[in-house]
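This report concerns only the one structure given below.
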Amino acid sequence: MFSKRPVLGGTWIVLSLLCFAACDQPDSLTETRTSFRYNQHNPVTSLDPAFARTQNNIWAVDCLFNGLVQMDDSLHVKPCIAKHWTISSDALTYRFVLRDDVYFHDNEAFPGGKGRRVVASDVVYSFQRLVDDAWPKPGSWIFKDRVAADTAFVAENDSTFVLRLAAPFQPMLQILTMQYASVVPKEACEFYGRDFRRHPVGTGPFKFKIWAENQALVVVKNERYFEKDEHGTRLPYLDAVKTTFISDRKTAFLEFKKGNLDYFFGLESSYINELLTPDGDLQPALSRNFYFLKNPYLNTEYLGIRIDSQASVGPLQLKKIRQALNYGIDRAQMLRALRNNAGRPADSGFAPRGLPSFDNIAAPGYSFDPAKAARLLAEAGFPTGKNLPPITLLCNQDYLDLCTFITRQWEDLGIKVNIDMTETALLRERMRKGQAPFFRASWIADYPDAESFYTCFYSKNAAPPNYTRFQNAGLDRLYTSSLKETDPEKRYLMYRQIDRILIEEAPVVFLFYDETAQFSSNNISGLPRNAINLLSLKRVKKKN
């Protein structure tokens, strides 16, 4: 269906809304209006939560929608639309009791234009819509092969929603915090059809105002939002959020420095030294007007090695060579030299810092030890690299400096590694088809549980996510057992055993655990600090 609303265009209307986005506010509040301004270098492609696959979409959708549950900054699952829940003893049935004060935003899709109260049947509709094969959506994977065939989603009454799984899957609650699992109204989805992407109607702390694609997005305060702070003040504090889409990061950085943006995130070689000292602190000249936040980010950077039985014979099929590569990198120096200490050396397994199961004491990883690397080379039959055939590493342009740094360190051991510069899309395609014997990659958690990382090495998984074609019976047993284990501590013990297997077998060269880099004006407070890199703005304040 086509929208009944005219399409608004023209730069003047975008600029007008950027200045007067909080127009719903009473005139008496004009001087106290607060608008939070930030830039996304990649444009938003959809405001439909079923398509919230990338960070740019996720951040926008988070302003507009809610799910049954949400994640706090410590990665704990907390109530949201559901005020509490129970899980059956067999871990197959999840029963959620809903709040009775959650309302959809006012919209012409509803009778009289007034948003109605959310009920359990809305959750059923939202989840069934997500998995509807008639209109494939990126978020459908969260329930694929995990929910009961016929009775997966049930509304027992207006206030009780039941989710039934086909088999126990412990990360399910974490998955339900994802924006894919947002609750949407049937009336609006049917009224707008596929144009719901441009006319989002949710229950979130902000409601949609205007989106001029590739230019700007404006959302304004939802006066009927249900959440309150610890003092009983209704959230959100901000009156509006304005997102621009400047594609060039350097240009966006200059806009931030000039005070035209309240918030800036991410690091790039073109401006990193203007922001941070070599030790990773904010440059003194900026500290008067800005502040810097850094915390773990659930992203592991690594070099992957295809080691399945179909791989061509080569030095990387030898475990001792793979281990020597891991011992031959000074990760701390690499981070200082290339990233101004943004990130932490990968000193444990594949699942990164920031996860509650992380324990680099229980699962000690690789350190920089050239002597041990040399010894392993000799034991593999290649002392000082003699007669070791050259190895080719596939890499894209963005990581050329990192791969160059690493290969030069390996040269000191006698290991010759040539870099094959490959366009990003082609590199991913070659990884998927098993045509990349040695490649640079990263893995970002879809949800905050280590299972999201170990799925990359479960032998029954194809590529993606198992780009290395890794197979290990012991890891498979631990992986499947962990999915059924209801005791978190027992599950974490299994996770650490999985990491010890990965460290020993070395299907990857562990590089570093990423960290978020957030920069803000000094008049901004309440910014979230979480390892899933979600910019949740409902508790952010801005002083005029």
Side-chain angles (χ1 to χ4, degrees), residues 39-43 45 53-57 214 245-256 264-276 278 280 297-306 316 325 328-331 333-346 352 390-411 415-444 456 463-465 467-468 508-517 519 533:
N39 182 75
Q40 281 279 14
H41 65 278
N42 289 321
T45 58
R53 186 165 60 94
T54 56
Q55 182 203 71
N56 38 314
N57 287 8
N214 300 315
F245 304 108
I246 303 169
S247 60
D248 183 73
R249 289 178 184 263
K250 178 71 171 181
T251 302
F253 168 62
L254 294 175
E255 289 297 300
F256 174 68
F264 186 78
F265 67 95
L267 296 171
E268 193 175 72
S269 58
S270 63
Y271 57 78
I272 188 172
N273 291 322
E274 292 183 58
L275 277 170
L276 300 180
Y297 175 33
L298 300 186
N299 173 36
T300 297
E301 297 283 340
Y302 69 100
L303 306 179
I305 303 167
R306 184 183 171 191
L316 293 179
L325 292 175
I329 300 173
D330 189 339
R331 296 165 178 82
Q333 183 186 359
M334 176 182 69
L335 290 170
R336 283 195 304 272
L338 301 179
R339 290 176 56 87
N340 296 56
N341 273 339
R344 297 288 297 274
I391 299 168
T392 298
L393 171 63
L394 275 65
C395 167
N396 62 9
Q397 178 65 43
D398 292 342
Y399 288 86
L400 178 60
D401 57 348
L402 182 141
C403 291
T404 300
F405 179 93
I406 294 169
T407 55
R408 285 176 178 169
Q409 291 205 322
W410 285 334
E411 284 181 6
I415 303 173
K416 175 64 175 176
V417 177
N418 300 315
I419 298 174
D420 181 354
M421 282 288 297
T422 307
E423 193 272 331
T424 301
L426 178 58
L427 175 56
R428 288 176 179 166
E429 181 70 5
R430 293 179 67 178
M431 289 165 58
R432 186 182 66 81
K433 291 182 176 180
Q435 298 170 350
F438 194 28
F439 54 90
R440 194 232 56 97
S442 59
W443 190 259
I444 302 173
C456 296
Y467 292 112
T468 64
V508 302
V509 176
F510 304 87
L511 297 182
F512 64 92
Y513 307 131
D514 209 352
E515 291 181 318
T516 62
F519 304 86
N533 198 25

Any side-chain heavy-atom pair of T300 and F510 under 4.5 Å: no
Hey, is CZ on R344 packed in by over 12 heavy atoms from elsewhere, all under 6.0 Å? no
Return yes when atom CZ of R53 has more than 12 non-hydrogen atoms of other residues, nucleotides or ligands closer than 6.0 Å, and no otherwise. no
Indicate yes or no for a side-chain donor-acceptor contact from N57 to the backbone of T45 under 3.5 Å, with no hydrogens or angles considered. yes
By salt bridge (Lys or Arg N to Asp or Glu O under 4.0 Å) - contacts of E429 (at least two apart): R432, K433
The reported gap from CZ in R339 to CG in D401 (rounded to nearest 0.5 angstrom) is 10.0 Å
In plain terms, say whether R336 and D330 are close enough for a salt bridge, that is, a side-chain N and a carboxylate O under 4.0 Å apart. no
Could you give the distance from CZ (F439) to OH (Y302), rounded to the nearest 0.5 Å? 5.0 Å
Looking only at heavy atoms, which two atoms of R306 and A436 are closest? And how far apart? CB-O, 3.9 Å
Where the side chain of N39 meets the backbone of I246, is there a donor-acceptor pair that is under 3.5 Å apart? yes
Side-chain heavy-atom pair Y399, M421 within 4.5 angstrom cut-off: no
Separation of M334 CE from E301 CD (nearest 0.5 Å): 9.0 Å
Beyond-backbone contact of F438 with L325, side-chain heavy atoms, under 4.5 angstrom: yes
With a 4.5 Å limit on heavy-atom distance, are the side chains of L338 and F512 in contact? no
Between L267 and F519, is there a side-chain heavy-atom distance shorter than 4.5 Å? yes
Of all heavy-atom pairs between C395 and I419, which one has the smallest distance, and what is that distance? CB-CG2, 4.1 Å
Taking the six-membered ring for Trp, are F256 and Y271 ring centroids under 6.0 Å apart? no
Could you check if a side-chain atom of Q333 sits within less than 4.5 angstrom of a side-chain atom of Q409, using non-hydrogen atoms only? yes
Taking atom CG of L511 and atom OG of S442, what is their separation to the nearest 0.5 Å? 10.0 Å
Using every non-hydrogen atom in the two residues, find where G304 and T468 come nearest and quote the distance to one decimal. CA-CG2, 4.3 Å
Of all the heavy-atom pairs spanning T404 and T407, show the shortest one and how long it is. O-OG1, 3.0 Å
Do W410 and I406 make a side-chain contact, defined as non-hydrogen atoms from C-beta onward lying under 4.5 Å apart? yes
For R331, salt bridge (Lys or Arg N to Asp or Glu O under 4.0 Å) partners two or more places apart: none
Does Q40 form a side chain to side chain contact (heavy atoms under 4.5 Å, CB included) with F265? I'd like the steps, not just the answer. CA-CA 9 Å; Q40 281 279 14; F265 67 95; 3.4 Å; yes
Do P352 and D514 touch side chain to side chain, with heavy atoms closer than 4.5 Å? no
Mind checking the CG-CG spacing from L303 to L394? Nearest 0.5 Å is all I need. 11.0 Å
When you check the side-chain N and O atoms of T516 and N533, is any donor under 3.5 Å from an acceptor? no
Between CG of D420 and OG1 of T392, what distance do you get to the nearest 0.5 Å? 6.5 Å
Please check this pair: side chain of E268 against backbone of S270, looking for a donor-acceptor N/O pair closer than 3.5 Å. no
Nearest heavy atoms of L276 and N340, plus distance in Å: O-ND2, 3.3 Å
Which atom names give the shortest non-hydrogen contact between P465 and W443, and what distance separates them? CB-CH2, 3.4 Å
Please check if atom CZ in R428 has more than 12 non-hydrogen atoms from other residues, nucleotides or ligands closer than 6.0 Å. no
